[in-house]
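Take a look at the structure set out below.
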Amino acid sequence: MSPSLVSQVLDSAAPAVAAPPSKPAGIVALPNTPTKPKHFGMNTSMVESKFLSHPEELGIVAVGFSGGQCKPGVDAAPSALIESGLLTQLREELGYKLHGDDTVHLYTDLVPASDPPFRNMKNPRAVSLVTKRIAEQTYAHAKEGRLVLTLGGDHSIAIGTIGGTAKAIRERLGRDIAVIWVDAHADINTPETSGSGNIHGMPVSFLTGLAREENEEFFGWLKEDNLISTKKLVYIGLRDVDAGEKRILREHGIKAFSMFDIDRHGIGRVMEMALGHIGNDTPIHLSFDVDALDPMWAPSTGTPVRGGLTLREGDYICECVHETGSLVAVDLVEVNPSLASPNDLGAHETVRAGCSIVRCALGESLL
Ligand SMILES: NC(=[NH2+])NCCC[C@H](N)C(=O)O
Ligand SMILES: [Mn+2]
Ligand SMILES: [Mn+2]
């Protein structure tokens, strides 16, 4: 990769939460970015944003972090997505002005030398520190009224992305966000119900307060302001849910559309029901795990599960969410370009699918 394309730097200057609004540290505005107004972009659907003060501005958080699970390579996803032209497309074809896109954060300065398991969680200190930093980054963008795009990274990073937007939207608009979690997995294990100890299977339990820990070092930095309600959480695409997770979903009456529901009703009806549950007056954070797609479309991911969404169904979910005008943040996670056998096209296809998902969420229209 050419360093001019993506400068991978240590994240030593992350934006402080209290940074002045005009120019938070570490946020890079591209010089002379041509700004086509988004609503008139040739390829962009014309949707008024309900909750963004700068809907044409996109805050990019590129997270090269893999500590929420055990397979290396998912940290290389942001660079792969950027190299394949994603950010250029967002700028030139969809007309966004990008902020903070010049840096893939590796957070290596935050990873402690020793990080033994705690309450069955693997790499607990690293994941806690990194997600805390990510929360500061998404918070800074969302506080400015920008749409936030986070390129992961494994799904543990959603503790930071959602924790940051939830807080910023509460402060800016006095509203709670809803979360649409598109995934083969529910990622709602508590440290105690998890069989793997991998934190990428637990982010939703921390974000909803179902898992709690006072200690600052182990997600104790998550405060009420960072949390979301189980009533405003909707899953789409589930097909590999652990027994303990099923119990949690049932006990809390969490809205979930599995592949069964998609087969029964079709994706069109499922999206009507999912968005109906959220209501049209609620800011939405979309967290998209690429393993929601069938491995036929996205094979290069750490925990693939057969029987998933077609690429069109995934794109359609994103198009519908964009169409609401309520979108405030998007995550794309779990792309792992290194999980492809040599000289097969898996990694390329997965990156391509990821780019498509992001473009659809950000308003690319077909006609
Ligand atoms: N973000 C993901 N891909 N999560 C997969 C989680 C798999 C399993 N439920 C676990 O807790 O370990
Ligand atoms: Mn998953
Ligand atoms: Mn996931």
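Heads up: numbering here begins at 1 and tracks the sequence. Only heavy atoms go into these numbers, but all of them, side chains included; no hydrogens, no water, no symmetry mates. Being a predicted model, the structure only gives us computed values, none of them experimental. Each ligand, and each atom within it, is numbered from 1 in the order the structure gives.
E144 and H54 share no donor-acceptor pair across their side chains, judged by distance under 3.5 Å alone. Residues E245 and H185 bring no donor and acceptor atom of their side chains to less than 3.5 Å of each other. Defined by atom type and a distance below 3.5 Å, a donor-acceptor pair is present between the side-chain atoms of H200 and E334. The closest side-chain donor-acceptor pair between T301 and N336, if any, does not fall under 3.5 angstrom. Counting only N and O atoms by type, the side chains of W297 and T310 include no donor and acceptor under 3.5 Å apart. For the residue pair D315/S356, the side-chain donor-acceptor check at 3.5 Å is satisfied.
Taking backbone and side-chain atoms together, D154 has no N/O/S atom less than 2.8 Å away from the Mn ion (ligand 3). Put simply, D240 stays out of reach of the Mn ion (ligand 2), with no N, O or S atom under 2.8 Å from it. Using a cut-off of 2.8 Å, one finds that D183 contributes an N/O/S atom close to the Mn ion (ligand 3). Residue contact annotation: H155 places an N/O/S atom under 2.8 Å from the Mn ion (ligand 3). Residue E334 does not count as close to the Mn ion (ligand 3), with no N, O or S atom under 2.8 Å.
Annotation: D240 places no N or O atom under 3.5 Å from an N or O atom of ligand 1; distance criterion only.
The ND1 atom of H185 and the OD1 atom of D291 meet at the Mn ion (ligand 2) at an angle of about 100°, given to 10°.
Distances below 4.0 Å separate heavy atoms of S196 from the following atoms of ligand 1: 10 (C), 11 (O), 12 (O). The ligand atoms of ligand 1 that sit less than 4.0 angstrom from a heavy atom of D289 are 1 (N), 2 (C), 3 (N). Residue H155 approaches ligand 1 through these ligand atoms, each under 4.0 Å from one of its heavy atoms: 1 (N). Close contacts between ligand 1 and E334 involve ligand atoms 1 (N), 2 (C), 3 (N) [criterion: under 4.0 Å to a heavy atom]. The ligand atoms of ligand 1 that sit less than 4.0 angstrom from a heavy atom of D291 are 3 (N). Close contacts of ligand 1 with G201, meaning ligand atoms under 4.0 Å from a residue heavy atom, involve 6 (C), 11 (O). Heavy-atom contacts of D242 reach the following atoms of ligand 1: 8 (C), 9 (N), 10 (C), 11 (O) (cutoff under 4.0 Å).
Counting heavy atoms closer than 4.0 Å to ligand 1, residue H200 contributes atoms from both its backbone and its side chain. Counting heavy atoms under 4.0 Å from ligand 1, residue D187 touches it through the side chain alone.
When ring centroids are compared, H155 and W181 come within the 6.0 Å threshold.
At a threshold of 4.5 Å between non-hydrogen side-chain atoms, the residues R133 and L129 do not count as touching.
Going from atom OG1 of T282 over to atom CD1 of I177 covers 10.5 Å, rounded to the nearest 0.5 Å.
The atom of D187 that is an N, O or S and sits closest to the Mn ion (ligand 3) is OD2. Within D289, the N, O or S atom lying nearest to the Mn ion (ligand 3) carries the name OD2.
Scanning the protein for heavy atoms near atom 7 (C) of ligand 1, the closest one is H185 CD2, 3.9 Å. In terms of protein heavy atoms, atom 11 (O) of ligand 1 is closest to N189 ND2, 3.0 Å. With hydrogens left out, the protein atom closest to atom 3 (N) of ligand 1 is T303 OG1, 2.9 Å, a heavy atom.
Around the NZ atom of K50, the shell of radius 6.0 Å holds more than 12 heavy atoms that belong to other residues, nucleotides or ligands. The environment of NZ in K255 is sparse: at most 12 heavy-atom neighbours from other residues, nucleotides or ligands sit within 6.0 Å. The number of heavy atoms from other shown groups lying within 6.0 Å of CZ (R119) is above 12.
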Please lay out, stage by stage, how M271 and I317 fare under the test side-chain contact (heavy atoms from CB on, under 4.5 Å).
CA-CA 7 Å; M271 286 313 293; I317 292 168; 3.8 Å; yes
